[in-house]
Amino acid sequence: MPLSVLITRICIRSFHLTRSIMSARARVQIFPSSKTLFDEPLQMKVEGLIPKQSVELRAKLTDDKGVVFKSSAVYCADTSGTVDLGTSSSLSGSYTGVEPMGLFWSMAPETPHSRLIKRDTSSPFLVNIEVADTTDLGHTLGNATVERRFMVEGARRVPVKFGRVRGTLFFPPGPGPFPGVLDLYTLGGGLTEVRGSLLANKGFVVLCLAFYRYDDLPKTVTHFDLEYFEEALTFLRSLPEVKGPGVGLISISKSGDLALAIASLLPDVSATVWINGCNAATVFPLHCKDRIFPAVAVDISKIRINGFGLIEIKDVVTDPMAEVNKASLIPIEKANGKFLFVASEDDRNWNSYLFAEQATKRLKDHGKDNFEVVKYPKAGHFLEVPYMPFYPSGIHAAVGQVVSFGGNAKVHADAHVDLWRRIQRFFHKHLNSNSHKAKL
Ligand SMILES: CCCCCCCCCCCCCCCCCCCCCCCC(=O)SCCNC(=O)CCNC(=O)[C@H](O)C(C)(C)COP(=O)(O)OP(=O)(O)OC[C@H]1O[C@@H](n2cnc3c(N)ncnc32)[C@H](O)[C@@H]1OP(=O)(O)O
């Protein structure tokens with residue numbers, strides 16, 4: 001056999017041998033299980049790699065609006081051919097360093113400026129994990145599917161149509177009674193169940209309340225009526241599974257001022273979580289029987305374009321303490337319950353940090369100490385549940401265009417985990433809860 005033919009044959013054999021080694025199935029191990037709750041951490045290991053092999057781990061999910069969210073990270077296997085996400089560093093990709101849950105919190109939407117949407121929390125998200133070889137045009141070495149659930153076994157999800165009240169109720173497993181919590185989401189209407197369903201797993205009956213643009217509620221609003229929220233609270237308290245008399249409120253963004261008004265002007269609200277909200281009525285006037293809180297004034301000359309070409313509206317809502325806004329301020333000193341004020345220092349949606357300072361000063365000035373404050377430097381506006389993909393910009397419900405919401409992805413992700421523990425602790429402490437204390 002001529003030497004050149006022999007060399008060619010040897011090359012082809014070694015190419016196929018290398019290829020078959022490289023494409024050997026890597027094992028993706030998920031602990032404690034591949035079926036976990038969305039807010040629970042998990043451990044992931046890839047085994048069966050070539051020692052020191054460079055691989056890319058990729059995560060992908062499709063949300064309930066059909067938007068694909070993806071993340072990726074490059075790792076180098078150790079001498080035993082293992083990548084352990086609990087100890088190995090990501091060298092590049094959607095995040096770097098040791099981040100056991102990085103593949104989850106760093107996911108970004110393929111359609112820019114999208115928020116991860118889960119409409120019906122009785123079904124899980126399926127996250128596809130793929131291990132690819134970085135030296136062989138991304139050849140797939142292994143994969144796994146991770147289920148991220150919203151409801152524990154035995155929890156119940158019940159759509160609500162009661163009088164004018166529309167939303168979804170979540171019950172933890174067991175007979176109860178449990179403390180009740182009303183969950184109010186942000187401007188834009190619709191119904192968001194993610195936070196409420198996960199909170200119910202911790203031992204609360206949670207009513208996720210829609211207040212417009214959902215089911216047969218009005219598509220648009222000109223004002224909010226406190227009576228609607230009163231009806232929702234009365235309904236929640238009337239449930240045999242709900243331990244009274246005091247209930248909790250959790251809010252974010254626009255619903256922060258609604259929560260303050262409910263806690264201050266309606267009876268039996270024992271604990272209110274206010275996340276990056278305002279201390280005065282915003283966007284729409286708030287009607288409370290014969291009293292009207294006008295929306296705080298806005299100054300659209302304060303709209304800016306930032307370095308990424310995104311609209312920034314942080315200073316558009318004028319100072320709630322300004323004379324012109326005095327009638328918009330919520331009289332929070334009237335509240336009998338406790339407050340947890342949560343403010344992100346890099347909130348670009350509005351100055352929630354200032355609003356939290358003003359709210360707590362008002363309480364102190366009235367001799368009250370019924371509040372806790374937590375501030376997150378470098379976190380942005382939308383503080384959500386652990387491992388929620390970061391949402392730094394999106395279509396703003398009041399502006400109708402993409403605006404910046406601020407924040408640094410890693411810091412924001414850490415804030416999600418920290419805040420979630422604080423919220424549970426706060427509600428268990430102030431809502432006369434017996435369960436789950438040991439876990440906190
Ligand atoms: C230097 C000079 C520069 C010049 C720049 C020029 C700028 C020009 C701008 C000019 C504008 C001037 C106006 C200034 C006004 C400023 C006011 C400032 C006030 C700021 C403070 C306001 C308080 C807040 O900040 S609140 C925070 C805001 N929050 C958000 O914006 C939320 C984030 N965004 C979103 O969530 C979405 O993008 C949203 C809601 C805005 C829109 O999304 P979409 O339209 O897709 O709606 P969906 O919610 O997804 O609903 C679609 C559809 O589904 C139904 N639905 C909802 N939930 C459910 C469910 N659980 N089950 C079933 N169905 C559901 C829903 O009803 C909808 O149905 P429809 O039939 O379509 O209605």
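Just so you know, ligand 1 is whichever comes first in the structure, and atom 1 is the first atom listed for that ligand.
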TODO: Identify, chain by chain and in numerical order, each protein residue with a heavy atom under 4.0 Å from an atom of ligand 1.
DONE: Lys65, Arg115, Arg119, Thr186, Leu187, Gly188, Gly190, Leu191, Arg213, Tyr214, Lys219, Ser253, Lys254, Val283, Ile300, Ile303, Ile305, Ile311, Ile313, Val316, Val317, Asn349, Trp350, Phe382, Tyr391, Ile395, His396, Ala397, Val399, Gln401
Open item on the list: Side chains of Thr36 and Arg148: any donor to acceptor distance under 3.5 Å?
Closed with: yes
Open item on the list: Enumerate the salt bridge (Lys or Arg N to Asp or Glu O under 4.0 Å) contacts for residues 84-94, please, sequence neighbours excluded, ordered by first and then second residue.
Closed with: none
- [ ] Give a yes-or-no answer on whether the side chains of His430 and Ser270 include a donor-acceptor pair shorter than 3.5 Å.
- [x] no
Open item on the list: The criterion is salt bridge (Lys or Arg N to Asp or Glu O under 4.0 Å); which residues satisfy it with Glu193, sequence neighbours excluded?
Closed with: Arg157
- [ ] Could you tell me if the ring centre of Tyr391 sits under 6.0 Å from that of Phe405?
- [x] yes
Open item on the list: Considering only residues two or more places apart or on different chains, which pairs with a residue in residues 291-322 satisfy ring pair (Phe, Tyr, Trp, His ring centres under 6.0 Å)?
Closed with: none
